[in-house]
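Positions are given from 1, in the same order as the sequence printed here.
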Amino acid sequence: QVQLVESGGGLVQAGDSLRLSCAASGRTFSLYNMGWFRQAPGKEREFVAAISRSGGSTYYADSVKGRFTISRDNAKKTVNLQMNSLKPEDTAVYYCAAGLSFYSPTNYYDGRKYAYWGQGTQVIVSS
């Protein structure tokens with residue numbers, strides 16, 4: 001089992017950058033594939049980015065590709081999301097998630113495949 005705690009959210013202006021962090025507890029962090037999802041008010045949760053257990057593979061939503069970068073440090077049990085060139089449409093609560101046993105790349109995009117979730121961190125981008 002793993003517990004996840006996000007941090008780094010805040011209020012920024014369009015074009016600014018933010019770095020979200022997710023700290024994990026437990027001894028088996030390196031076994032988990034990690035993802036970031038977000039949910040804006042009145043909208044469904046959506047996939048943002050994901051990274052494989054080793055960090056060798058990364059996946060991004062088209063809406064953030066080229067602006068966001070996901071990374072992980074298995075020794076520190078953290079996963080980060082560097083967000084550049086932020087837009088007002090990036091405003092949402094961002095959630096970190098962990099999942100095991102991903103058998104295809106499509107699994108990374110599916111929130112149902114993630115067993116553990118953090119409490120979320122709010123990101124607000126003003127225009």
*Asks:* Please collect all salt bridge (charged side-chain N to carboxylate O under 4.0 Å, His left out) contacts where either partner lies in residues 68-82, sequence neighbours excluded, each pair once.
*Replies:* none
*Asks:* My understanding is that only residues two or more places apart in sequence, or in another chain, count here; which of them pass side-chain hydrogen bond (donor to acceptor under 3.5 Å, both in side chains) with Thr106?
*Replies:*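 Per chain and number, Thr106 pairs via side-chain hydrogen bond (donor to acceptor under 3.5 Å, both in side chains) with Ser104.
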*Asks:* Just verifying a value: how many Å separate Ser101 OG and Asn33 CG, rounded to the nearest 0.5 Å?
*Replies:* 8.5 Å
*Asks:* If a pair satisfies salt bridge (charged side-chain N to carboxylate O under 4.0 Å, His left out) and one of its residues is in residues 114-124, list it, with sequence neighbours excluded.
*Replies:* none
*Asks:* I need the Ile51 CD1 to Ser71 OG distance, nearest 0.5 Å.
*Replies:*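 Reported to 0.5 Å precision, the distance equals 6.0 Å.
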*Asks:* Please list all pairs meeting side-chain hydrogen bond (donor to acceptor under 3.5 Å, both in side chains) that have one or both residues in residues 39-52, counting only residues at least two apart or in different chains.
*Replies:*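 Matches after skipping sequence neighbours: Arg38-Glu46.
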*Asks:* Within the side chain of Ser127, is there an N or O that forms a donor-acceptor pair under 3.5 Å with the backbone of Pro88?
*Replies:*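 No.
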*Asks:* Under 4.0 Å between a side-chain nitrogen and a carboxylate oxygen: does that hold for Lys65 and Asp62?
*Replies:* yes
*Asks:* Between Leu20 and Thr121, is a side chain to side chain contact (heavy atoms under 4.5 Å, CB included) present by the stated rule, with each step listed?
*Replies:* CA-CA 8 Å; Leu20 304 184; Thr121 186; 4.0 Å; yes
*Asks:* Shared ILVMFWY cluster between Val79 and Val5, side chains joined below 4.5 angstrom?
*Replies:*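 Shared cluster, no.
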*Asks:* Given the rule that I, L, V, M, F, W and Y join up when any side-chain heavy atoms are under 4.5 Å apart, are Ile124 and Val48 in one cluster?
*Replies:* no
*Asks:* Rest of the hydrophobic cluster containing Tyr95 (Ile/Leu/Val/Met/Phe/Trp/Tyr, side-chain heavy atoms under 4.5 Å)?
*Replies:*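 When side chains under 4.5 Å apart are linked, the cluster holding Tyr95 also contains Phe37, Phe47, Tyr59, Val93, Phe102, Tyr108, Tyr109, Tyr114, Trp117.
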*Asks:* When you measure from the side chain of Tyr32 to the backbone N and O of Ala97, does any donor-acceptor pair fall under 3.5 Å?
*Replies:* no
*Asks:* Can you tell me which residue pairs pass the disulfide (SG to SG under 2.5 Å) test with a partner in residues 26-90, sequence neighbours excluded?
*Replies:* none
*Asks:* Could you go through the side chain to side chain contact (heavy atoms under 4.5 Å, CB included) check for Leu100 and Leu31 one step at a time?
*Replies:* CA-CA 7 Å; Leu100 288 169; Leu31 297 180; 4.0 Å; yes
*Asks:* With side chain to side chain contact (heavy atoms under 4.5 Å, CB included) as the criterion, how do Arg67 and Asp90 come out once you've worked through the C-alpha distance, each side chain's angles and the decisive distance to 0.1 Å?
*Replies:* CA-CA 11 Å; Arg67 299 188 298 122; Asp90 294 319; 2.7 Å; yes
*Asks:* Only counting residues at least two apart or in another chain, list the ones meeting salt bridge (charged side-chain N to carboxylate O under 4.0 Å, His left out) with Asp110.
*Replies:*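 Asp110: salt bridge (charged side-chain N to carboxylate O under 4.0 Å, His left out) contacts with Arg112.
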*Asks:* Count the heavy atoms of every other residue, nucleotide or ligand shown that sit under 6.0 Å from CD of Gln3, and state whether that count exceeds 12.
*Replies:*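 Counting other residues, nucleotides and ligands, CD of Gln3 stays at 12 neighbours or fewer.
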*Asks:* According to side-chain hydrogen bond (donor to acceptor under 3.5 Å, both in side chains), who are the partners of Thr78, at least two apart in sequence or on a separate chain?
*Replies:*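 Scan of Thr78 (side-chain hydrogen bond (donor to acceptor under 3.5 Å, both in side chains), adjacent residues dropped) gives none.
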*Asks:* Listing request: all disulfide (SG to SG under 2.5 Å) pairs with a residue in residues 67-127, at least two apart in sequence or in separate chains.
*Replies:*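 Sorted pair list: Cys22-Cys96.
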*Asks:* Got a sec, which residues hit salt bridge (charged side-chain N to carboxylate O under 4.0 Å, His left out) with Arg19, two or more places apart in sequence or on another chain?
*Replies:* none
*Asks:* Can you list every salt bridge (charged side-chain N to carboxylate O under 4.0 Å, His left out) pair that touches residues 2-15, not counting sequence neighbours?
*Replies:*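 For residues 2-15: none.
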*Asks:* Working to the nearest 0.5 Å, report the span between OG1 of Thr69 and CE of Met83.
*Replies:* 11.0 Å
*Asks:* Quick check: closest heavy atoms across Ile70 and Tyr60, and the distance to 0.1 Å?
*Replies:*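 Of all heavy-atom pairs spanning Ile70 and Tyr60, the closest is N-OH, 2.9 Å.
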*Asks:* Extract all donor-acceptor atom pairs below 3.5 Å that involve side chains of residues 10-18 and protein atoms in other chains or at least two apart in sequence.
*Replies:*
residue	atom	partner	partner atom	Å
Asp16	OD2	Gln13	N	3.1
Ser17	OG	Asn84	OD1	2.9

*Asks:* Find the distance between OG1 (Thr58) and CE (Met34) and round it off to the nearest 0.5 Å.
*Replies:*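 Separation between the atoms: 14.5 Å.
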